[in-house]
Structure formats: C-alpha cells, structure tokens
There are 2 protein chains.
Amino acid sequence: MTDSSDHDRSVTLLQEFGLKEYEAKAFVALTRLPSGTAKQVSEISEIPRTRVYDAVRTLESDGLVEIQHSSPQQFRAVSVTEATNTLQQAYEERTESLREALGSLGRANRETESDTTHEVWSLSGTAGITSRTRELVESADRELVLVLGDPSLFTGPLVEGLQAADGRGVTVLVGTTTDRIRARVQDELPTAEVFVSELDWLSGVSPDDDTEIGRLLLADRSAILVSTFHPQATDRQEQAVFGRGFDNGLVTVARRLMATGLSPMEDPGSSD
Amino acid sequence: MTDSSDHDRSVTLLQEFGLKEYEAKAFVALTRLPSGTAKQVSEISEIPRTRVYDAVRTLESDGLVEIQHSSPQQFRAVSVTEATNTLQQAYEERTESLREALGSLGRANRETESDTTHEVWSLSGTAGITSRTRELVESADRELVLVLGDPSLFTGPLVEGLQAADGRGVTVLVGTTTDRIRARVQDELPTAEVFVSELDWLSGVSPDDDTEIGRLLLADRSAILVSTFHPQATDRQEQAVFGRGFDNGLVTVARRLMATGLSPMEDPGSSD
DNA sequence: GGCTCTGTTAACCCGAAGAATCACAACACG
DNA sequence: CGTGTTGTGATTCTTCGGGTTAACAGAGCC
C-alpha cells in the first residue's frame, strides 16, 4: 500500500525539483532496483523502452544515476541520501544566487509613497504569512498582541521571536483557544501574559461560513495582520490581510476590538 | 550594467524555482518598485498588461507579493529576504518529503548481484561526484590515496572527512599539483602524507586533448574513482568513472599505476 | 557468411501547457 | 455623459514534452 503511494509521491516531488516525467519515473524505478537495464526500467516505470536512454542520460549528468557502458547497458541509481543531498545542495546554491541577484537589483524608484492610512494588503500562503509574522514580531518596539486560532501555528521559531521581543522589553500578550494550549504556551513564555480568548469569531458567523481565523497579530498598535483558513477551497490555504500605520482603518478597528483587556499604552500616538 | 544582467539572472533563477516566465518577470519588476499597478509592471517587465493580473495573483498565493484591492489595484513584492526564505523553506520541506518517500519505497529486488569484477560505472556532475567521493572517504578502512587536479575541489567538508578517516587509523595520502597547494593541504592535514604529484597525466596527452584530470581516489585499494574536466563541452562539466572490488580491472590498473610510493599494505586480499 | 533478433539511437507526430493577442465589461474621470 | 483606463474572459499561436515509429548496429544463430 505504501508502495504505490510513495512511488507516485516520489515521482511528483522529483518533478517539482525540475525533473521531467520520464526522468522522475526512471529514477524511482532504479531506486527500487539494485541495478537495471533499459528493459527492466521500462517495465517497472511504464516508460517506453526507447526513451529510457535519454532520461537516464540526463539523470547521469545530474549526478543521480550511474551508467555502465556495456551491452546491454546497466543503470543504477545513487543512494537516496546521495540523491537528496545533491538536490538540496543545488537548491541552496540557487537560493544564494537568487538572493544575490535580487539584492543587487537596480531600483526603478518612482516615489509613489502615499500615506499608509487606508492601505490594506492581502497575501496568501502559510509560508509567506509566517515570514511576515516574524518580521512584525522582530520589529516590535512596545507591544505584541497575538491570538492563534490553530495550535500548529505556534512553532519553535515563533516562540524564539516572542522570547526575544520579551527580552527587549516588549509587552507580549498571547491568546489561545483552549486552556490546554494556554498552559503550554505559558510554559514556554513565562513572562508573557497568556489568556484564553473569548472570541466567538474563531468559528464562522453564518452557517455556510466555514472560514476560521488562523492568527491575529497587533504590533505596537500600529500594524495588524489577520489570517483565515478556507478549508473548502482546493487551491488556497491560508489567506491574510495586513495593514500598517496608526491611523490605518483596519488597525483602528482591530485596536478597538481588542481594547478589552489591553492596558493603556503610554504615548500611543508618537510612533512613526 | 549589473542591472540587466542581474535582472535576467533573477528571472532565470526564479523560473528554476518553478515560476512561469510571467510570474518571474512580474516579481522582479515589483522588486524594483516600492509598489506598482498592472500598467507599471507591464511597462517594466514587458509582460502584456492584461496578463499581469493572473501572474500576480498566483504570486500572491505563493506568498511572494501582496495585493491591495483598490482601483486600480496596487501590487507590492515582499522583501528579498522574505522571498528567498520562503522559497528555501519550501524546497527544504520537499527534500525532506522526498527523502522519506524514496526511503520507504518497496524494493522490487531481483537479485542481479553479479560480481563487481568488471563493472565500471560512469557518473557526471560535480555535485554527484563530490557526494560519491565523500562516501568513499567515509567508508574507508585502511588507506586513502587522493590526488586533486584542481585546488577548488579541496573543500572544507572533504578536509573534515579526511581528518575523520585519519583519526580512525586510515592511512591518508594526498597528492597535489603545486608545492603551494601541497603546503596548504599539509597544513590542514598534519598527520597525512602530502606530496606533489609527478603525474603528467593531469594535462592531456595529445595536443587536441584538453581534458584535465579532476580527482583521483583509491580507497582501500579496492575502489577507484577518476574524474575529468571537459572544458569545451557546453553541457557536461565533470565526468567520472568508478570501479569497485579488489579484482576490478580498473582498480587493478590504478593500483599498479600508483604502486610507486605506496608502502605495502598488510593483508591486501582479505577485504571483501 | 548471411540472417535474425535485440539493443540503441534518432527522427517524427501529437497533445497539452503556456505565451501573446483580442474583445468586451466595469469603472473612474473629466 | 462620454472617453480613456482598468479588469476579466475567451481565442489563437507557439513551444515543449510525451508517445510512437523507423533506422541502424552488433551479437548470436543457423
């Protein structure tokens, strides 16, 4: 059972690493064999035999298989660890190159810097939202109010970020959905105030509204990030809206909504 | 000057991360802008204006850009660090999944284990060859003979591997091309014997033979790896041949060639 | 030595995905 | 109220990858 599912999963993943379908299939076929001929590979992988050679050759030049030039030729996949290491390293190098190239990119600046009062931006994807969350946590000066709708969002790096913020004097308030989670969070953040949120809004308002609030972050009462989960949609996972600026409408609303339980923050208006 | 080259490099790299051409172009365009409308993006990126929307939307769901739903819509790229982190993380997760899926793959074992006497395998790509080199170094019991044709192949991880081998009692012999490199290597491997190789074979034999030997590794006198560089070929970089087994023809030849300067190894035939 | 069969390479065909264009509705603005 | 701009959808064109077939070479057999 794990056979076929892992098989297909491997093929798909390999393709996401830039391999063509035949290359991916050939590689997993060879991974299951100590070594094999074109014929054997063709039978297992359902690649037309005459095309096994091309696929295997490009795999060889990627360092993923070895070829024995006999007749018939023998093919052999490198070990799983060797293969994944090779791939991982390739993509780390690419990330580095990309960082470099994008960084030294000439800015075509037309200063369209309008006031941020009414700007509300949307972004999607847990990865991107997490990244933005981290940025907000790291740049907070005075106060962080964070409510997690899903405990899985309470990750290690986030804890570290909150601890660091706490360490530099930021007031950290964390809301959770259940007391069980509250206890766990409180355990990891002893100096923070951790509470169980009363918010009904974690579940949808109308019956056919199955959106759930994922996270909710108010930083220095001047930046707000709210994310939701839409389970029904096949494509989109986590969606978020994001606003910045003390006078921003969304921020104002969030501030009001959260006013209950917030102690007055000294000199609220002087932040940039 | 760095403008256009880095621009194109970014686009290409982004595409290697799975983005479509329009998505890649749109992202770099937005990276050069604090924020922009479809029209602006279209002008900078040379994407037809009507297709900017699709591209940006999928970028948004990848967490790479933010959208402001006003009229006209405003688009904004996340910071370079946010973007590269997001991408890197995505590929690290994929690597992990792949390792897992490939690892738990049911082996369709037909025991085709012939003797390795005459098997000579070829593999290409510096990454794969490096990986195989490491494996050989790590699994060596008694002796390692290594000759590097190119100093750039003498990397940190390789040094560590050699030191570890040395530490567990393996005799390590390293050959270099110049005395300068010899000194450097000797410095990092005090207990190893480092020598300047006399080998003429590092440069081609015939005039039109511009292949250069990259590395040459004999492990326990029972496994050999020889790699060469072919500078003229546009596609292939480093190529290698690889043989295993004490009786392997290639290994035998290598052993003979290297016999000069090798002290007799006790009980050479008893290794499997 | 000729013949056949298998292994290997290469060329070709076709369909899907993506790039480019167009047509049109909605909206903002004067 | 009309004109230009903005956003969405449908349509054509091109490219690339998957699939098939043919040609070639070599080994073994008769």
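Proteins get letters first, then strands, A, B, ... in listed order; numbering begins at 1 in each.
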For [X], answer base if it contacts any base atom (sugar-phosphate contacts may also be present), sugar-phosphate if it contacts only those atoms, and nothing otherwise; contact means non-hydrogen atoms under 4.0 Å.
X	result
S42(B)	nothing
T50(B)	base
P48(B)	base

Round to the nearest Å and state the distance from [X] atom [atom1] to [N] atom [atom2].
X	N	atom1	atom2	answer
I67(A)	dG7(C)	CD1	P	17 Å
Q74(B)	dG7(D)	CD	C1'	14 Å
I47(B)	dA20(C)	CD1	C1'	12 Å
E43(A)	dT6(C)	CD	P	13 Å
K25(A)	dG18(D)	NZ	P	9 Å
D54(A)	dC12(C)	CG	P	15 Å
Y22(B)	dT14(D)	OH	P	13 Å
H69(B)	dT8(D)	NE2	C1'	15 Å

Is a donor-acceptor contact shorter than 3.5 angstrom present between the side chain of R51(A) and the base of dG19(D)?
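Result: at least one qualifying N/O pair found.
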Between CG of L19(A) and CG of L87(A), what distance do you get to the nearest 0.5 Å?
6.5 Å
In terms of the nearest nucleotide of DNA chain D, which residue is placed more toward the 5' end: Q73(B) or Q15(A)?
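Closer to the 5' end of DNA chain D: Q73(B).
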Nearest to the [X] side chain among [options], which nucleotide is it?
X	options	value
R49(B)	dA19(C), dT6(D), dG7(C)	dT6(D)
S71(A)	dG17(D), dT8(C), dT6(D)	dT8(C)
E21(B)	dT8(C), dG19(D), dA19(C)	dA19(C)

Has the side chain of S35(A) got a donor or acceptor atom that lies under 3.5 Å from a matching backbone atom of Q74(A)?
no
So, OP1 or OP2 of dT8(C): does either fall under 4.0 Å of a side-chain N or O from Y53(A)?
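Yes, such a contact exists.
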Do E82(A) and S79(A) meet the criterion of a side-chain donor-acceptor pair at a distance under 3.5 Å?
yes
Centre of F75(A)'s six-membered ring, under 6.0 Å away, within 45 degrees of the axis: is that where NZ or CZ of R57(A) sits?
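Output no; distance or angle outside limits.
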Quick check on side-chain contact (heavy atoms from CB on, under 4.5 Å): which of K25(B), R49(B), R51(B) does S42(B) satisfy it with?
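Among K25(B), R49(B), R51(B), the one that satisfies the side-chain contact (heavy atoms from CB on, under 4.5 Å) with S42(B) is R49(B).
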